[in-house]
Amino acid sequence: MTTVAQPRIDHVDTAQDQIVVFDHVSIGFDGKPVLDDISFRVHRGENRIIIGPAGVGKSVLLKLTNGLLKPDAGTISLFGHNLGEMKQRDLFTLRGDVGTVFQEGALFDSLTVRDNVGFRLAEEHVPDDEIDRRVTEALRFVELEHTLYQFPSELSGGMRRRVAIARAIVTNPKLLLYDSPTGGLDPITSTTIVELIIKQRDASHTTSLLVTHRLQDAFMLATHRYSHDCKCIEPLPEGETDPNTTFLVLNDGHIVFDGNTHDLVHSDDPFIRQYLQ
Ligand SMILES: Nc1ncnc2c1ncn2[C@@H]1O[C@H](COP(=O)(O)OP(=O)(O)OP(=O)(O)O)[C@@H](O)[C@H]1O
Ligand SMILES: [Mg+2]
């Protein structure tokens with residue numbers, strides 16, 4: 001059974017509000033379908049969490065979103081632009097509005113933290129002193145200013161992931177894509193990363209798509225907020241969930257759930273019940 005619930009977000013569904021639109025999208029590799037006839041929308045300010053078994057196509061879905069992969073069928077729109085109709089050069093420009101935290105961080109080992117975080121700004125020929133200012137600001141956000149001239153190999157796994165987040169946010173993107181940002185990290189470090197993502201979300205209200213293997217990360221995102229008073233992450237009042245956090249559950253090439261936290265935890269879909277356990 002497929003459970004399709006509407007997000008609780010209170011928005012006017014104008015084209016301008018639709019940051020990501022998948023319309024009957026299919027893709028496969030070597031004759032094997034991976035995503036089959038997928039349709040969903042992500043609205044401005046929405047934080048969409050994507051969960052599903054390993055190999056189901058979560059990373060593929062993010063790569064389709066930023067145009068790194070092309071679908072075999074269907075259309076994908078980003079900020080109202082149909083990716084399939086765009087020239088490579090325009091696609092490159094559009095991608096400038098997307099910040100990506102790749103699975104495993106994917107930093108350049110031969111570059112300092114400063115040059116990793118400022119990589120895209122340098123590509124855009126931003127002046128050096130401006131790069132320094134923005135990189136320092138982004139590193140301050142992830143509490144890693146002191147690592148400016150270190151190399152990724154000198155940092156812990158958690159620190160490298162925080163550098164990857166700084167690199168994704170340094171351009172003030174309109175959309176953030178997180179691919180398994182806590183993958184391979186221990187539980188305490190994972191919590192630090194999730195707290196950082198919540199802080200970023202509540203400080204900037206950037207629209208995001210976040211893939212995670214860890215259900216506890218997903219539920220922490222849905223039930224916590226950043227407080228400006230204590231400058232810390234705190235739980236939402238009992239029974240409340242973040243209204244902008246919504247879920248997409250993938251299984252066997254299909255979307256088996258599209259909706260909010262409340263409907264997800266109360267779903268009677270056998271796959272979802274089993275998955276959540
Ligand atoms: N470029 C590619 N060429 C061939 N097959 C690919 C390619 N990218 C992905 N696949 C295949 O598509 C399927 C989905 O891959 P994907 O990386 O999206 O899974 P995932 O849901 O992100 O898994 P995980 O939870 O392990 O990260 C896998 O079977 C994978 O082998
Ligand atoms: Mg993946």
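We use all heavy atoms of the structure for the numbers below, so side chains are in, but hydrogens, waters and symmetry mates are not. One-based numbering along the sequence shown. Whatever order the structure lists ligands and atoms in, that order sets their numbers, starting from 1.
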*asked:* Does the residue G55 have a heavy-atom contact with ligand 1, meaning some pair of atoms that are separated by less than 4.0 Å?
replied: yes
*asked:* Protein heavy atoms near atom 31 (O) of ligand 1, is at least one of them under 4.0 angstrom away?
replied: no
*asked:* I need the minimum non-hydrogen distance between L177 and L62, along with the two atoms involved.
replied: CD1-O, 3.8 Å
_Testing the 3.5 Å rule here: is there a donor-acceptor pair between the side chains of S59 and D179?_
yes
_Closest approach of L144 to M159 (non-hydrogen atoms, all atoms of both residues)_ = CD1-O, 3.4 Å
*Quick one: look up the protein heavy atom nearest atom 1 (N) of ligand 1 and list residue, atom name and how far away it is.*
F29 CE2, 3.9 Å
*asked:* Any non-hydrogen side-chain atom of I193 less than 4.5 Å from a side-chain atom of I197?
replied: yes
*Protein heavy atom at shortest distance from atom 12 (O) of ligand 1*: V34 CG2, 3.4 Å
*Near the Mg ion (ligand 2), which protein N/O/S atoms are found at less than 2.8 Å?*
S59 OG, Q103 OE1
*Classify the ring geometry between H228 and Y226 as parallel (under 30°), tilted (30 to 60°) or perpendicular (over 60°).*
perpendicular
_Within the structure, is a non-hydrogen atom of K32 found at a distance of less than 4.0 Å from ligand 1?_
yes
*Got the closest protein heavy atom to atom 18 (O) of ligand 1, with its distance?*
V60 N, 2.9 Å
*Let me know which of T136, T147, D132 forms a side-chain hydrogen bond (donor to acceptor under 3.5 Å, both in side chains) with R114.*
D132
*Would you call E130 and R133 a salt bridge, taking side-chain N to carboxylate O under 4.0 Å as the test?*
yes
*What protein heavy atom sits nearest atom 17 (O) of ligand 1, and how far away is it?*
S59 CB, 3.6 Å
*Any idea which protein heavy atom is nearest atom 27 (O) of ligand 1, and the distance to it?*
Q103 NE2, 3.0 Å
